[in-house]
Protein chains: 2
Amino acid sequence: MARGLARDHDEKRAALRHGAAQYFARHGFDRASMTGAAKSCGVSKALIYHYYPSKEDLLFDILDDHLGALVEVVEAARSEGIRGLIRAVLSAYEDADAEHKLQLDALSVLPADKQAPLIAHQRRLVAIMSDAVSAEAPALTPDRLRAATMTVFGIVNWFYMWHRPGKGLSRADYADLAGDFVLGGLRDLT
Amino acid sequence: MARGLARDHDEKRAALRHGAAQYFARHGFDRASMTGAAKSCGVSKALIYHYYPSKEDLLFDILDDHLGALVEVVEAARSEGIRGLIRAVLSAYEDADAEHKLQLDALSVLPADKQAPLIAHQRRLVAIMSDAVSAEAPALTPDRLRAATMTVFGIVNWFYMWHRPGKGLSRADYADLAGDFVLGGLRDLT
DNA sequence: AATACTCTTGACCGCTCGGTCGGTTTTGTG
DNA sequence: CACAAAACCGACCGAGCGGTCAAGAGTATT
């Protein structure tokens, strides 16, 4: 027998994942070339293919990692109500804006069988948020509950589209504002 | 002198625009090929290049048309308050979901000089909505006003991500719900 | 020290893309 | 009717893409 994987194998893989996510998010997944992603990570393209079998697999791992972590965070904040969930989601995006953006506009480039587990993660997020919405506005019919839940996701998922770090409200301040907004919005909903 | 443009020149251009928008939106602008767009419009690729000088120019025209129409609709609904604006925007998307989706995820592929006029349109929309938000919650500081305005856009712009025609609430019903939600959300904001 | 495998690279390959070209058909105008 | 330009097409082209490969350097095991 000879040597196994390097000690820092997983860290390097993770670094590739994060570096590629930044590059993919900045240029758009389809437009972003593997050559460019590699260069932006400071390695050769062939090296990426040493760690990942294809561009698609790399994307999958980026999203799976991101969504997995998000589900964990959200599950931990489950008991804190909508305010807590909103704060948790927004702060989880803190260093993962790129991954978040990718999730929203590149998930659909994956084939159905690779989308499925990611969509399953998303559904868990939706289910948790839906419970919190339901607790706040118990009279909602199923259709209206779903609409209200998606309204909340619209608010938090839109954040990265307009927020520029260092300008305007901080993430934490916006989390408070959004929490107030959502609670006020749900108060009279039936 | 010989013949000028065909009588239906503009209609054909518009049909190309709409057909291509559907195709681009379904497959993603970068992934969508001109060959495919042409086929989906029932014409040859060379014909598209007879009407449009490049894929980029075609995209620009699609977005410019869409945003121009949206600005008109929103300006007309200016006096009806937030409720009216939300209803106007959502119903304007009725037959333009594809164009709307493109606007959100393909605008950034255009070079800066082609983005500029489109962004100018967007700013007018934001300004109008901002006025309406301000009328509803007059005490907001500029930063918080901007955040609240973007929150409203998050709600309406997210709609196409989760709504499936024929399932759940209708557009009009959601417009009502979103209107209630926003008014409730703004009520206590300072 | 020998070795077997990982890590890393530059050069290369087949393919599809945006775009062009030469040509035919159609049509408004003089 | 003559004819010039618009309307339309199939075939083609260079570029850049995702992905492969053969080979060198480094290193944990025996």
Side-chain angles (χ1 to χ4, degrees), chain A residues 1-21 23-63 102 106-111 114, chain B residues 1-21 23-63 102 106-111 114:
Chain A
M1 270 291 185
R3 61 179 301 210
L5 298 179
R7 264 182 298 278
D8 57 356
H9 181 92
D10 286 353
E11 288 88 322
K12 280 196 175 150
R13 244 173 93 101
L16 248 30
R17 229 152 38 214
H18 191 63
Y23 187 80
F24 288 163
R26 174 144 56 247
H27 295 83
F29 181 73
D30 288 317
R31 214 154 247 257
S33 70
M34 287 296 269
T35 308
K39 207 164 294 182
S40 132
C41 292
V43 301
S44 72
K45 178 170 66 163
L47 188 65
I48 297 194
Y49 282 95
H50 174 71
Y51 286 94
Y52 279 100
S54 73
K55 191 185 185 186
E56 222 170 60
D57 283 281
L58 173 53
L59 174 62
F60 175 83
D61 238 39
I62 291 170
L63 300 186
L102 269 182
L107 193 152
S108 64
V109 319
L110 291 174
K114 279 187 186 156
Chain B
M1 268 291 184
R3 61 180 300 213
L5 297 180
R7 262 182 298 276
D8 58 356
H9 180 92
D10 287 352
E11 288 89 322
K12 281 198 172 146
R13 245 173 92 102
L16 249 32
R17 229 153 36 214
H18 191 63
Y23 188 79
F24 288 163
R26 174 144 56 247
H27 296 83
F29 181 73
D30 288 316
R31 234 176 173 67
S33 70
M34 288 297 268
T35 308
K39 207 163 295 180
S40 131
C41 291
V43 301
S44 72
K45 179 169 67 164
L47 187 64
I48 297 194
Y49 282 94
H50 174 70
Y51 285 94
Y52 280 100
S54 73
K55 191 185 186 186
E56 220 170 63
D57 283 281
L58 174 53
L59 174 62
F60 175 84
D61 239 38
I62 291 171
L63 300 186
L102 269 182
L107 193 151
S108 64
V109 319
L110 291 173
K114 279 187 186 156

Figure out the [atom1]/[atom2] separation between [X] and [N], and round it to whole Å.
{"X": "Asp8(B)", "N": "dA6(D)", "atom1": "CG", "atom2": "P", "value": "15 Å"}
{"X": "Arg31(B)", "N": "dG18(C)", "atom1": "CZ", "atom2": "C1'", "value": "17 Å"}
{"X": "His27(B)", "N": "dG18(C)", "atom1": "NE2", "atom2": "C1'", "value": "17 Å"}
{"X": "Asp10(B)", "N": "dA7(D)", "atom1": "CG", "atom2": "C1'", "value": "15 Å"}
{"X": "Tyr51(B)", "N": "dA5(D)", "atom1": "OH", "atom2": "P", "value": "18 Å"}
{"X": "Arg13(A)", "N": "dT8(C)", "atom1": "CZ", "atom2": "C1'", "value": "17 Å"}
{"X": "Tyr49(B)", "N": "dA7(D)", "atom1": "OH", "atom2": "C1'", "value": "18 Å"}
{"X": "Leu47(B)", "N": "dT20(C)", "atom1": "CG", "atom2": "C1'", "value": "15 Å"}

Between NZ on residue Lys114(A) and CG on residue Asp57(A), distance to nearest 0.5 Å: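 Lys114(A) NZ to Asp57(A) CG: 3.5 Å, rounded to 0.5 Å.
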For [X], which contact category applies under a 4.0 Å heavy-atom criterion: base, sugar-phosphate, or nothing?
{"X": "Tyr52(B)", "result": "nothing"}
{"X": "Ala32(A)", "result": "sugar-phosphate"}
{"X": "Lys45(B)", "result": "base"}
{"X": "Ser44(A)", "result": "base"}

Test side chain to side chain contact (heavy atoms under 4.5 Å, CB included) applied to Leu58(A) and Met34(A), step by step: CA-CA 10 Å; Leu58(A) 173 53; Met34(A) 287 296 269; 4.3 Å; yes
Polar side chain donor-acceptor pair, Arg17(B) to Tyr52(B), under 3.5 angstrom: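 Note: Arg17(B) and Tyr52(B) side chains meet the donor-acceptor criterion.
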Nearest-nucleotide pick for Ala46(A), side chain only, options being dC21(D), dC21(C), dC8(D):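 Closest nucleotide to the Ala46(A) side chain: dC21(D).
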Among dG19(C), dA7(D), dC7(C), the one nearest Lys12(A) by side-chain distance: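 Comparing dG19(C), dA7(D), dC7(C) against the side chain of Lys12(A), the answer is dC7(C).
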Any donor-acceptor N/O pair under 3.5 Å between dG19(C) base and Lys55(B) side chain: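 For Lys55(B), whose side chain was compared with the base of dG19(C), there is no donor-acceptor pair (under 3.5 Å).
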Any His50(A) side-chain N or O less than 4.0 Å from OP1/OP2 of dT8(C):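 For His50(A), the contact criterion (side-chain N or O under 4.0 Å from OP1 or OP2 of dT8(C)) is not met.
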His9(B) side-chain N/O to dA6(D) phosphate OP1/OP2 under 4.0 Å: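 So the side chain of His9(B) is outside the cut-off, no N or O lying under 4.0 Å from OP1 or OP2 of dA6(D).
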Student check: side-chain heavy atoms of Asp61(A) and Arg13(A) closer than 4.5 Å: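 Asp61(A) vs Arg13(A): side chains touch.
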Close side-chain approach of Ser33(B) to Lys45(B), heavy-atom, < 4.5 Å: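 Side-chain contact under 4.5 Å: no.
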